[in-house]
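Worksheet: one structure, shown below.
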Amino acid sequence: MKRIAVLTSGGDSPGMNAAIRAVVRTALYYNLEPVGVMKGFEGLMDGEYFDMDRASVGGIIHRGGTVLRTARSDRFRTADGQRKAMEEIQKHGVDALAVIGGDGSFRGAEALGKMGLPVVGIPGTIDNDIAGTDVTIGYDTAVNTALSAVQKLRDTASSHDRLFIVEVMGRDAGFLALEVAVSTGAEYVVVPEIRLDIAKMCEQLHYSRKRGKTHSLIILAEGVMSALELKNQLQDTGGYDARVTVLGYIQRGGSPTSFDTILASRMGSFAVEALLEGRSGVMVGSVCGQMTLCPLEAAWKSPKNLNPEMLALVEKLGV
Ligand code: F6P
């Protein structure tokens with residue numbers, strides 16, 4: 001094995017650049033030839049490959065986004081797209097591929113693995129919704145970005161005795177919402193994994209107001225409903241006049257925290273070493289602080305559950 005390609009795919013996440021740097025520099029350390037692929041699987045099919053050296057990843061460790069750009073590719077999901085990618089891979093003499101992304105990206109990597117290309121996945125998503133790893137690259141930064149925004153909202157909520165709904169990202173998973181809720185001391189968290197009982201929420205709000213609480217904070221994962229919908233439901237059911245804030249894509253940007261930078265550096269380096277040891281069809285994980293490997297398909301086949309202790313904390317400490 002000589003030429004290792006790297007690409008980023010799906011939603012970007014802070015720390016992806018640090019992971020690219022780690023893949024490239026570890027490959028060079030072992031006298032391999034790192035190859036960058038632009039725009040994820042789109043570039044893989046369109047022949048957007050370029051040779052990388054130490055300097056190509058200089059000055060990017062602290063930068064958010066991804067210098068390799070990213071895309072969500074419907075074309076690559078087709079058999080034709082995958083065949084085209086394999087043709088380009090062979091044309092460019094690529095021997096192995098590291099894919100940095102989420103579960104959708106790993107399905108793509110798995111397809112290439114089945115066609116004979118050694119592949120390894122590096123989990124990068126702010127959603128942290130990938131089984132086989134305790135944490136994904138970008139999650140910690142996104143939590144901290146949301147944390148500093150919500151702390152500011154708390155100031156104004158308490159000054160005006162207001163109820164605030166803050167919508168955070170998370171289409172299918174509530175990891176981000178839950179961690180933001182616990183770290184901001186929110187009164188409620190609404191996540192896709194748990195059915196929302198709006199009447200109960202209104203009852204609790206009523207009860208806490210009676211006890212003298214003047215302001216409250218609800219952290220809502222976008223996958224459940226929009227903040228505006230929840231505002232309307234609270235108005236209709238309990239007569240509450242909530243203010244809403246949607247944090248949106250701001251959570252995907254910014255410089256990675258030291259936690260994400262170190263995680264990305266370790267995962268990127270470990271991925272190259274796994275390929276060198278002849279492993280393929282695997283994803284790098286961080287389990288109890290140790291670098292691990294698991295089958296790529298664990299990323300979308302195995303469930304990853306919210307920590308019930310954390311959910312209970314919101315109820316115990318918030319309301
Ligand atoms: O994958 C991370 C994520 O940020 C989700 O939380 C969100 O729903 C989705 O990406 C949005 O993706 P897009 O970039 O396609 O709008």
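Atoms within a ligand are numbered from 1 in the order they appear, just like the ligands themselves. Predicted model only: the values in this text are computed from it and were never measured.
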Shortest protein heavy-atom distance from [atom], along with the residue and atom involved:
atom: atom 16 (O) of ligand 1; result: Tyr249 OH, 2.5 Å
atom: atom 4 (O) of ligand 1; result: Arg252 NH1, 2.9 Å
atom: atom 13 (P) of ligand 1; result: Arg72 NH2, 3.4 Å

Sidechain N-carboxylate O distance under 4.0 Å for Lys231, Asp241: yes

- prompt: Looking at Arg252 and Asp12, does any basic side-chain N land under 4.0 Å from a carboxylate oxygen?
  reply: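 Judged by the 4.0 Å cut-off on N to carboxylate O distance, Arg252 and Asp12 do form a salt bridge.
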
message: So for Gly170, does at least one of its heavy atoms come nearer than 4.0 angstrom to any atom of ligand 1?
response: yes

message: Taking CD1 in Ile250 as the centre, count heavy atoms belonging to other residues, nucleotides or ligands within less than 6.0 Å. Is the count above 12?
response: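 Result for CD1/Ile250: open.
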
- line: Residues passing the ring-ring contact (aromatic ring centres under 6.0 Å, His included) test with Tyr139, sequence neighbours excluded, are none

Ser56 (side chain) donor-acceptor with Asp53 (main chain) under 3.5 angstrom: yes

- prompt: Is there a donor-acceptor pair under 3.5 Å between the side chain of Thr133 and the backbone N or O of Thr136?
  reply: no

- line: Asp127 heavy atoms within 4.0 Å reach ligand 1 at atoms 1 (O), 2 (C), 3 (C), 5 (C), 6 (O)

statement: Here the atoms of ligand 1 under 4.0 Å from any heavy atom belonging to Glu222 are 5 (C), 6 (O), 7 (C), 8 (O)

- request: Just let me know how Gln251 lines up against ligand 1, side chain, backbone, both or neither, with a heavy-atom cut-off below 4.0 Å.
  value: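 Within the 4.0 Å criterion, Gln251 makes no contact with ligand 1.
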
